[in-house]
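Worksheet: one structure, shown below.
Keep in mind that this is a model prediction, so the values were computed, not measured.
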Amino acid sequence: MAGLGLFVAVSVIAGYGPPSVEKSLGVLPVVRDYLARLDLAGTIDRLAPMRADVSRVSHGQVIAALVANRLTSPTPLSHVTSWAREWAVEEMFDIASDALNDDRVGRALDAFAPVCEQVAGSVGAAAITAFGLDVSRFHWDMTSISLYGDYSHTDSDYATPKYGHPKDRRPDLKQVQTGLASTGDGGIPLLPRAYDGGAGEVAQVQGALRALVDLAGPRRFLLVGDTKLVSYPNLTALTSTPGVTFLAPAPKAVVPAEILAGQDWATATIIDHVAARDRDKPIHQRATYRAREGLTTLRGPRKKDPAVTVRTVFVWSSANDQAAKAARALKLARARDALDTLARAAGSHHLYRTETAVTARVAFLATKHRVSRYLIATTSVDPDTATPSLTWQFDQTVLDTEAATDGWYALLTNLDDSISPAEVLARYKGQEVSERRYGAFKGPLAVAPMFLRSNQRIHALIHVICLALLVFSLIERQARLGAGPDGKIPGLYTGRPARPTGALVLSTLNRLRLVPAQDDRPAYIPRPPHLHQHLLDILGVDPTKPP
């Protein structure tokens, strides 16, 4: 296809020429160039080849188009043809819109599913080289994806929809789960995995660890995770794998509340750390941190299992302390109002005329307001009138014990003692990148809820969306590397300077248009506004370059 020209668009006045026909161009040139640098289509076609005479487009081309769809205008698979017709897919990817019908898309997903993890590994390795990513730190986390449909017939080779504990609080829907390992450098998700809906998060850590070791090669790295990273088998694997260190918060079963309550705030060392959310605040409004050091030992289920002892950094945060106190005060106030109302209604309201009914209501309120551990409630019946009554109070001793833990949490690690508590905390705080990536995963990339006919295609589509998230994150990283000295790009947010995010960059670039070829005139792109051109320059993309 001939190269595209970049000219100033001239409006055509009705009656003096043919009507202007435009397509959305948006971020397609960036996606095209980044996918080429990652060799996505080529990798898929090598791992899932097809006969040349079977289709006008290869499986790799179709999957690349689906990635582009997720980054421009996410749509159901049955509507991909319409999307391709309205967007400059043919001009950018050399794929005709009718070649992306739902049958062709489905066959591409079926072919992609068996090799998607191999593709992800190859593309992840390519991203490290092509974009110069620092892989000395990875952040691992999992989330759930709700599904519509029964899925009574599934293929055990792929992530199987099952009921579980969904993050979106839709227990009525089956789910699958996904795991992402993202770099500390820009939060680039290099290792995606899809799991059964009922898979335990703790049990997936060692598989992810092995895959990361393969991906990182000879490079040493730190693996940061949440409490699901911590178990005796996981810590045994983490501490015995050469070149790997780990960092994760301790679950209550490993470091119980009484250990946290025993930490002495007065003797804890003040550490120099500024949370990202506090960087623009005056010093007196910033959260403060203190730390104490210790050791934690985990023992295996058998007596002969060797104990695993790891460094423990006990951290106290003023922000966590205030949040814990405020949350407790709020739930106690709500529980107090509800219990007082019940005490007045006992015996007089038709719903609470018996002691059994009052007792059941007390249990319900205690669970609803999460005060079971503090609540001391006594029901009785007047022997003369058979009227039930309720007296209650909160156990102050239990409240005081819990309050002693406010602000404290424990970080377990095998990082060397030369790494200060402040540095340990800073590396753990990078874990928030996992939440940001899952926010994009379920937001701009529109992953959930979904409905497909087979779990094989669900498995494949999850990896498609993970590839889109990889490109999304690379775009954000490149934009931040190219931002000004203050980390902001002028005019990016409603005409004002803003720190670039993937969502802001995509929403800005997705306003670009393309005028298709007509008669003897080649396709051309109206000259973009300065901000759009500036973003394209930062991202290193020339939209006029032919595919």
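We find the CG-CD distance between L209 and Q204 to be 13.0 Å, quoted to the nearest 0.5 Å. Distance check, rounded to the nearest 0.5 Å: CG of D33 to CG of L28 gives 11.0 Å. Put simply, CD on E201 and CE on M142 are 5.0 Å apart, with the number rounded to the nearest 0.5 Å. With rounding to the nearest 0.5 angstrom, the CG atom of L247 is 9.0 Å from the CG atom of L425. Atom CG in N414 sits 11.0 Å away from atom CG in D417 (nearest 0.5 Å). Rounding to the nearest 0.5 Å places CG of L298 at 8.5 Å from OG1 of T309.
Counting only heavy atoms from C-beta outward, the side chains of P256 and I259 approach each other to under 4.5 Å. Side-chain contact between V471 and I475 is present, with heavy atoms from C-beta onward closer than 4.5 Å. L536 places a side-chain heavy atom less than 4.5 Å from the side chain of L512. With contacts defined as side-chain heavy-atom distances shorter than 4.5 Å, the pair H534/I538 qualifies. The shortest distance between side-chain heavy atoms of H59 and F112 does not fall below 4.5 Å. Put simply, the side chain of L109 reaches to within 4.5 Å of the side chain of V464, judged on heavy atoms. Side-chain contact between D110 and Q456 is present, with heavy atoms from C-beta onward closer than 4.5 Å. Between E423 and L415 the shortest side-chain heavy-atom distance does not fall below 4.5 Å.
Within the structure, the ring-ring contact (aromatic ring centres under 6.0 Å, His included) test picks out the following pairs touching residues 211-252 (sequence neighbours left out): F138-F221. Here side-chain hydrogen bond (donor to acceptor under 3.5 Å, both in side chains) pairs that include residues 466-488, with residues two or more places apart or in two chains, are D185-R477, R436-E476, R437-S473, R437-E476.
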**OP:** Under the side-chain contact (heavy atoms from CB on, under 4.5 Å) rule, what do V308 and V310 come out as? Steps first, then yes or no, please.
**Re:** CA-CA 7 Å; V308 178; V310 294; 4.0 Å; yes
**OP:** Give the C-alpha distance, both sets of side-chain angles, the deciding distance and a yes or no for side-chain contact (heavy atoms from CB on, under 4.5 Å) between L38 and L474.
**Re:** CA-CA 11 Å; L38 299 175; L474 287 170; 4.2 Å; yes
Subject >> Stepwise side-chain contact (heavy atoms from CB on, under 4.5 Å) check, Q533 with D537 >> reply: CA-CA 6 Å; Q533 187 61 59; D537 291 342; 3.1 Å; yes
Original post:
Can T72 and S24 be said to form a side-chain contact (heavy atoms from CB on, under 4.5 Å), step by step?
Top reply: CA-CA 9 Å; T72 53; S24 294; over 6 Å; no
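Here the options are I489, L509, L492, the test is side-chain contact (heavy atoms from CB on, under 4.5 Å), and the partner is L504; only L492 passes. Partner L229 forms a side-chain contact (heavy atoms from CB on, under 4.5 Å) with one of N234, D141, L238 and no other, that one being L238.
Without hydrogens or angle criteria, D278 side chain to V274 main chain gives no donor-acceptor distance under 3.5 Å. For the pair S317 (side chain) and A319 (backbone), a donor-acceptor distance under 3.5 Å is present. Judged by distance alone, with hydrogens and angles left aside, the side-chain atoms of D272 form no donor-acceptor pair with the main-chain N or O of A422 at under 3.5 Å. Between the side chain of R193 and the backbone N or O of G179 there is no donor-acceptor pair closer than 3.5 Å. For T241 (side chain) and A237 (main-chain N/O), a donor-acceptor pair under 3.5 Å exists by modelled atom type. Looking at Q177, its side chain does come within 3.5 Å of a backbone N or O of D196 through a donor-acceptor pair. Side-chain atoms of S420 never come within 3.5 Å of backbone atoms of S418 as a donor-acceptor pair (strictly under, hydrogens ignored). In this structure, the side chain of Q118 does not engage the main chain of V115 through any donor-acceptor pair within 3.5 Å. Side chain of R457 to backbone of S454: no donor-acceptor contact under 3.5 angstrom is found. Judged by distance alone, the side chain of H459 and the main-chain N or O of A159 form a donor-acceptor pair under 3.5 Å.
Looking at every heavy atom in both residues, P249 comes nearest to V230 through O-CG2, 3.7 Å. The nearest pair of heavy atoms linking A410 to T312 is CB-CG2, 3.9 Å. Considering every non-hydrogen atom in both H532 and T508, the closest pair reads NE2-O, 3.0 Å. Listed here is the closest heavy atom pair of Y289 and A275: OH-CB, 3.6 Å. The minimum heavy-atom distance between V57 and R104, with the atom names listed, is O-NH2, 3.0 Å. I95 and A65 get closest at one heavy-atom pair: CD1-CB, 4.3 Å.
For R499, the CZ atom is loosely surrounded, since the number of other residues' heavy atoms within 6.0 Å does not exceed 12. Heavy-atom contacts from other residues, nucleotides or ligands closer than 6.0 Å to NZ of K429 number more than 12. For Y409, the OH atom is densely surrounded, since the number of other residues' heavy atoms within 6.0 Å is greater than 12. Shown here is D305, whose CG atom has more than 12 heavy atoms of other residues, nucleotides or ligands within 6.0 Å.
A salt bridge links D39 to R46: one of the charged nitrogens lies within less than 4.0 Å of a carboxylate oxygen.
A cation-pi arrangement is present between R37 and Y34, with the terminal nitrogen or guanidinium carbon under 6.0 Å from the aromatic centre and inside a 45° cone about the axis.
A donor atom on one side chain and an acceptor atom on the other are not found under 3.5 Å apart for T154 and N455.
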